[in-house]
Amino acid sequence: MTSTDVTKEAEDSGPGGYAAARLRLLTEGARSGPPRRTALAGLTDDWLTGLFDAGTGGTGRGVSLVAVGGYGRGELSPRSDLDLLLLHDGSDDKAVAALADRLWYPVWDLGLDLDHSVRTPGQARRTAGEDLKVQLGLLDARHLAGDLGLTASLRTAVLADWRNQAPKRLPELRDLCAERAERQGELRFLLEPDLKEARGGLRDATALRAVAASWLADAPREGLADARRRLLDVRDALHLATGRATDRLALQEQDQVAAELGLLDADTLLRQVYEAARVISYAGDVTWREVGRVLRSRSVRPRLRAMLGGGKAAPERSPLAEGVVEHDGEAVLARTARPERDPVLPLRAAAAAAQAGLPLSLHAVRRLAATTRPLPTPWPAEAREQLVTLLGSGRPTVQVWEALEAEGLVTRLLPDWERVRCRPQRNAVHLWTVDRHLIETAVRASEFTRRVHRPDLLLVAALLHDIGKGWPGDHSVAGETIARDVAARIGFDRTDAAVLATLVRHHLLLVETATRRDLDDPATVRAVADAVGSEHTLELLHALTEADALATGPAAWSSWRGSLVADLVKRVSAVLAGDAPAEPETAAPTAEQERLALEAYRTGGPVLALRAQTEPPADPDSAAGPEPLGVELLIAVPDQEGVLPAVAGVLAVHRLTVRTAELRSLSLPDGVEGSVLLLDWRVAAEYGSLPQAARLRADLVRALDGTLDIAARLAERDAAHPRRRGVEPPPPRVTVAPAASRLATVIEVRAQDAPGLLFRLGRALETAGVRVRSAHASTLGSNAVDAFYVTGPEGTPLPGEEAGDVARTLEEALRGRP
């Protein structure tokens with residue numbers, strides 16, 4: 001059926017015909033994107049025109065029907081609401097009211113959302129003057145039916161008002177966009193973005209159209225229309241997939257939306273959405289900067305004319321670097337600059353802009369992209385130095401880098417960047433896409449350049465540490481090869497390239513080892529020392545680890561993690577300096593541990609002590625007190641079965657999070673027979689304050705003697721406060737870490753974090769008949785990553801087959817949880 005046939009069906013059959021024709025249009029697979037939106041708008045136009053003509057008898061003098069907003073632009077998505085204005089000259093209010101009823105009720109009867117108003121031209125202009133959103137809608141007013149002259153005069157008046165009031169209304173519009181961005185976030189970094197309201201979304205694209213209509217400034221147009229079309233296409237597919245008028249691209253709907261658009265998968269969909277949002281966001285940055293410049297110029301010029309007798313002052317141009325000057329709040333190219341003869345100029349201009357805290361002007365970036373020759377391989381020393389300067393400039397680096405990206409200069413300088421550009425990270429811990437995370441890491445690393453002997457290697461490693469995420473397999477392994485190639489291309493010698501490759505390969509080594517391994521085990525420290533190789537590399541890796549974690553998000557770094565990493569670095573540094581790590585068996589118990597052990601032996605039950613752990617503030621002169629690292633929980637209990645699940649269960653009942661957990665058997669002093677199990681754990685309250693030690697001990701006694709049913713208590717709590725259903729998490733995975741320790745078998749557990757997880761794991765380990773030497777709990781967002789050092793009853797590592805059986809037992813226990 002052609003579009004003419006569909007329109008005729010709607011006209012012939014009234015509202016029912018329109019509904020059938022609309023359904024046919026939305027379900028036919030041959031048409032999508034702009035053609036379908038245009039056809040749907042045309043179909044709706046014809047139907048509403050028929051309703052209008054029927055209500056006016058075909059005259060329509062002194063009254064008109066006007067489409068505004070998205071409908072006015074002819075952009076109807078499958079579930080879009082209809083924005084309509086019934087415009088009249090005020091001569092017959094009663095007839096207009098009757099006409100409104102004949103228009104609105106058929107729309108409501110079909111279940112369509114309707115945003116409607118009935119106004120005279122004067123009322124419409126007054127309302128627009130009071131409400132910016134109304135004025136923005138009227139800028140896209142489109143005549144549908146009735147008195148064309150009435151509509152045309154309103155459009156002319158509204159546009160004139162907008163242009164006359166632009167110096168006042170544009171700052172208001174800018175503030176509205178900023179407030180919405182603060183509330184909704186940046187579309188290009190969100191896993192479940194709002195396609196309309198988030199920064200870089202459809203609202204911002206509409207705002208840029210309004211700025212252009214003011215004639216005061218204009219947005220960069222290259223790619224803007226395509227970006228807007230892409231977001232509209234995604235919204236269309238989202239409406240069809242959900243059957244709802246929603247702009248939120250939820251995780252559970254992304255695969256279906258991707259399929260609707262013919263894309264490979266949800267990641268491909270998100271990447272296209274992020275690309276579009278990046279274009280719109282950058283256009284907004286440039287446009288609002290230009291609006292500010294024009295408004296400042298208008299406010300200053302009258303005073304200058306008065307002071308100079310009508311003369312015109314030439315704007316100052318302050319030198320920043322060779323070929324780069326500051327002009328009117330931006331870094332621009334000097335008049336003498338010759339990009340076609342100076343291949344280092346893009347990096348020099350970018351570094352100068354970032355160092356000065358200035359944006360790089362749109363004209364400068366476009367000229368550089370259009371005329372600059374490629375850098376030779378390897379780069380000259382100046383180019384490498386300018387890249388390092390750019391990366392070390394702190395927060396201003398971000399906007400300058402984005403300007404280079406917008407014109408394709410980054411991928412020209414670093415071709416491997418293309419694979420990580422706008423690449424989503426489906427991990428709640430990460431705040432950014434891969435490319436933005438790399439820049440954020442460089443920004444964080446710039447704060448640590450005084451801590452390391454080679455800040456240039458630190459900054460370049462920060463830029464490249466996740467570059468392997470654009471390739472299949474382990475991103476650290478892929479990244480090592482890429483980093484070595486990039487280092488050679490940009491002019492580092494073989495020794496420096498090898499250091500950069502090591503930093504990228506092992507950028508997760510310190511934090512993973514510190515939080516998941518027993519640092520008292522000599523094999524742990526020796527393995528890190530062998531991987532790092534030198535104290536200078538260890539120093540760089542320590543700074544990179546912290547910068548990477550801080551750039552990931554608040555869940556990835558804490559004082560506790562920092563203290564564990566620092567402890568590991570200290571131990572590894574000693575080994576690299578020639579000192580062998582102490583054997584854990586030789587460590588004598590502290591006086592407090594011995595006291596608790598004797599009391600546990602004397603009483604025949606558990607005893608415990610809670611002690612807050614703190615570290616000094618980073619700034620010694622700060623008025624802030626010590627920063628909490630958590631609470632140390634020391635427990636001594638006569639050696640017996642079931643201690644690990646009992647302790648973990650009691651802590652879960654009291655809503656305490658376990659950060660680290662160490663268990664060891666402590667021999668009693670001479671003359672006292674028997675042994676005591678000592679638990680040295682670090683815990684933190686999920687919320688509120690810590691429970692009293694006496695309450696913890698009382699519940700622990702009951703848990704050990706079997707009178708406290710922990711599993712039932714946790715099940716009751718889950719039933720009373722069920723967690724919201726969301727995306728189904730991936731299944732748990734339990735593995736045996738090869739050669740991780742010569743003293744025990746290391747079993748790693750990766751699972752969805754949940755209250756009582758450590759209790760269930762402890763109970764499963766008890767069932768498997770192994771002894772837990774130590775446990776190391778780590779939580780990243782919603783993911784728990786725990787490591788257990790286990791032995792057989794005789795205290796030796798498990799044979800390979802038996803270790804595999806224990807791992808399978810744990811995995812089955814986790815998978816079997818209801």
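Heavy atoms only: backbone and side chains are in, while hydrogens, waters and symmetry mates are out.
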Calculate, to the nearest 0.5 Å, the distance between atoms CZ and CD belonging to Arg412 and Glu418 respectively.
-> 13.0 Å
Does the side chain of Ile635 come within less than 4.5 Å of Leu678's, by heavy atoms?
-> no
Is the side chain of Glu539 donor-acceptor paired with the backbone N or O of His453 at a distance under 3.5 Å, no angle test?
-> yes
Could you check if a side-chain atom of Val749 sits within less than 4.5 angstrom of a side-chain atom of Phe788, using non-hydrogen atoms only?
-> yes
To the nearest 0.5 angstrom, please state how far the CG atom of Asp466 sits from the CD1 atom of Ile482.
-> 11.0 Å
Check Arg484, Arg384, Arg454 against Asp496 for a salt bridge (Lys or Arg N to Asp or Glu O under 4.0 Å) and give me the one that passes.
-> Arg454
Supply the atom-to-atom distance Arg516 CZ to Leu564 CG, rounded to the nearest 0.5 angstrom.
-> 12.0 Å
Side-chain contact test, heavy atoms from C-beta onward, threshold under 4.5 Å: evaluate it for Pro731 versus Leu814 and give yes or no.
-> no
Test salt bridge (charged side-chain N to carboxylate O under 4.0 Å, His left out) applied to Glu748 and Arg517, step by step = CA-CA 10 Å; Glu748 279 196 347; Arg517 292 291 181 266; 2.8 Å; yes
Glu192 (side chain) donor-acceptor with Leu251 (main chain) under 3.5 angstrom | yes
Using atom types as modelled and distance alone, determine if a side-chain donor or acceptor of Gln254 lies under 3.5 Å from a backbone N or O of Leu249.
-> yes
Please confirm whether the backbone N or O of Trp417 pairs with a side-chain atom of Thr411, one donor and one acceptor, at under 3.5 Å?
-> no
Can you check salt bridge (charged side-chain N to carboxylate O under 4.0 Å, His left out) on Arg571 and Asp567, steps first, answer last?
-> CA-CA 6 Å; Arg571 294 170 187 247; Asp567 182 24; 3.1 Å; yes
By side chain to side chain contact (heavy atoms under 4.5 Å, CB included), which residues pair with Ala321, not counting sequence neighbours?
-> Val324, Arg348, Ala352
With sequence neighbours excluded, residues passing ring pair (Phe, Tyr, Trp, His ring centres under 6.0 Å) with Phe448 | none
Any ion pair linking Arg395 and Glu440 (charged N to carboxylate O, less than 4.0 Å)?
-> yes
Salt-bridge present (Glu275, Arg421; N to O < 4.0 Å) | yes
Donor-acceptor contact below 3.5 Å, side chain Glu811 vs main chain Val734 | yes
Min side-chain heavy-atom separation Arg188-Cys422 under 4.5 Å = no
For atom CZ of Arg451, decide whether the heavy atoms of other residues, nucleotides or ligands shown that lie under 6.0 angstrom number more than 12.
-> yes
Is the backbone N or O of Asp518 less than 3.5 Å from a side-chain atom of Thr524, with the two atoms forming a donor-acceptor pair by type?
-> yes
Exam field: side chain Tyr282 to backbone Gln399, donor-acceptor pair closer than 3.5 Å | no
Are any side-chain N or O atoms of Ser393 and backbone N or O atoms of Thr389, one a donor and one an acceptor, separated by less than 3.5 Å?
-> yes
Name all residues meeting the side-chain hydrogen bond (donor to acceptor under 3.5 Å, both in side chains) criterion together with Glu179; count only those two or more places apart in sequence or in a different chain, and write none if there are none.
-> Arg183
Side chain to side chain, Arg682 and Ser563, heavy atoms closer than 4.5 Å | yes
Separation between NE2 of His465 and CG of Leu458, rounded to the nearest 0.5 Å | 11.0 Å
Arg278/Asp435 salt bridge by N-O under 4.0 Å criterion | no
Separation of Arg271 CZ from Arg423 CZ (nearest 0.5 Å) = 4.5 Å
Closest non-hydrogen atoms of Pro380 and Leu375, given as atom of the first, atom of the second and distance, are CD-CD2, 4.2 Å
Point-to-point distance, once rounded to the nearest 0.5 Å, from CZ of Arg444 to NE2 of His437 = 11.0 Å
Can you check salt bridge (charged side-chain N to carboxylate O under 4.0 Å, His left out) on Glu402 and Arg436, steps first, answer last?
-> CA-CA 9 Å; Glu402 288 180 347; Arg436 177 61 180 271; 3.3 Å; yes
Any donor and acceptor pair, going by atom type alone, linking the side chain of Thr397 with main-chain N or O of Gly394 inside 3.5 Å?
-> yes
Gln425 side chain to Trp432 backbone, donor-acceptor under 3.5 Å | yes
